[in-house]
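Computed over heavy atoms, backbone and side chain alike; hydrogens, waters and symmetry mates excluded.
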Amino acid sequence: PGATGHSLTSAPAIFDGVVAYQDPGSEVSAIYLVQPSRLAKAAAVAQEPGADIQDQPSLADGLIAFKQAYSGGSSFHVRLFSFTVAEDGTFSFQEVLDTGELSTTRNSDQFKPQVYGNRTSWTLVWEDDRGGTTGIHGYRSGGREFQVSSNTGAKNPAISEDLVVWEELVSGTYSIR
């Protein structure tokens, strides 16, 4: 076991001393947060009924985004939570967004989220397979969804401030866009 105290962990993300990781060894594969500098016990992000896998965490200032699988992996949504850390090292969570609740994403899967910002002003981007092809979509605090790329083969988004980059298959070769 590393700093988390869990022996089966994967997909780490880190921001400002907070570590997020997936624990595939638990009954339900879940995302945990821990702040190793406080030696606090890891806290699981809320699981909802029917959800069976959480993975692909992304952290920003007081925010965690991750992919949530439902019904044995038959559908995927991106969920965004805000979190705070108390003086004793305990975490509190509040759901901010579930992409499965957006009318534009109900018949598609969303995965590989990346979040930038803080609890009051943030941007979330993800891969989205609506229309049968993978593209990059996003959502800004304040309630505005936007499309980054609808080109087939767009994947693996990353974000910093207002800049979004991703991989895209062009003439048989992946390029950064």
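For the pair K155 and F111, the NZ or CZ position fails the cation-pi test of under 6.0 Å to the six-membered ring centre and within 45 degrees of the ring normal.
Distance alone, capped at 3.5 Å, places no donor-acceptor pair between the T134 side chain and the G153 backbone. Between the side chain of D129 and the main chain of D109, a donor-acceptor pair closer than 3.5 Å is present.
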Report task. Could you walk me through whether S58 and Q114 pass side-chain contact (heavy atoms from CB on, under 4.5 Å), step by step? Result -> CA-CA 5 Å; S58 173; Q114 294 293 306; 3.8 Å; yes

Query - Check against side-chain contact (heavy atoms from CB on, under 4.5 Å), Y21 and V34 - result: CA-CA 9 Å; Y21 63 94; V34 67; 4.1 Å; yes

Requested in this report: Check the pair N156 / E127 against side-chain contact (heavy atoms from CB on, under 4.5 Å), numbers first and verdict last.
Outcome: CA-CA 7 Å; N156 296 324; E127 284 184 33; 3.6 Å; yes

Report task. Go through I64 and V45 one step at a time and tell me if the side-chain contact (heavy atoms from CB on, under 4.5 Å) criterion holds. Result -> CA-CA 9 Å; I64 181 167; V45 179; 4.2 Å; yes

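The distance from atom CZ of R119 to atom CG of L63, rounded to the nearest 0.5 Å, is 7.5 Å. If you take NE2 on H137 and CD on Q147, they are separated by 4.5 Å, rounding to the nearest 0.5 Å.
By the criterion of side-chain heavy atoms lying less than 4.5 angstrom apart, applied directly or through intervening Ile, Leu, Val, Met, Phe, Trp or Tyr residues, V96 is not grouped with Y116; the two fall into different hydrophobic clusters. In the hydrophobic clustering of this structure, V115 groups with V78; members are Ile, Leu, Val, Met, Phe, Trp, Tyr whose side-chain heavy atoms approach within less than 4.5 Å, directly or through other members. One hydrophobic cluster, built from ILVMFWY side chains closer than 4.5 Å, cannot hold both F146 and W126; they sit in different ones. When the side chains of ILVMFWY residues are joined at heavy-atom separations under 4.5 Å, either directly or via intervening members, V170 and W166 end up in two distinct hydrophobic clusters. Taking hydrophobic clusters as Ile, Leu, Val, Met, Phe, Trp and Tyr residues chained together by side-chain heavy-atom distances below 4.5 Å, V164 does not share a cluster with F15.
Residues K67 and K112 have side chains not in contact (no heavy-atom distance under 4.5 Å, counting atoms from C-beta outward). Taking 4.5 Å as the limit, every side-chain heavy atom of I53 sits out of range of all side-chain heavy atoms of F76. Two residues are said to be in side-chain contact when any heavy atoms from C-beta on lie closer than 4.5 Å; Q94 and S82 meet this criterion. Residues R79 and F66 meet the side-chain proximity criterion, which asks for heavy atoms closer than 4.5 Å. Contact annotation: the side chain of I159 approaches that of T123 to within less than 4.5 Å [non-hydrogen atoms, C-beta and beyond]. Residues P113 and L124 meet the side-chain proximity criterion, which asks for heavy atoms closer than 4.5 Å. Put simply, the side chain of R177 does not reach to within 4.5 Å of the side chain of S149, judged on heavy atoms.
A20 approaches P57 most closely through the heavy-atom pair CB-CB, 3.9 Å.
The side-chain contact (heavy atoms from CB on, under 4.5 Å) test applied to I176 returns V165, E167, not counting sequence neighbours. Legend: residues meeting side-chain contact (heavy atoms from CB on, under 4.5 Å) with V18, ordered by chain and number and at least two apart, are L33, Q35, L59, F83, F91. Applying the salt bridge (charged side-chain N to carboxylate O under 4.0 Å, His left out) test to R140 and every residue at least two apart in sequence or in another chain returns nothing.
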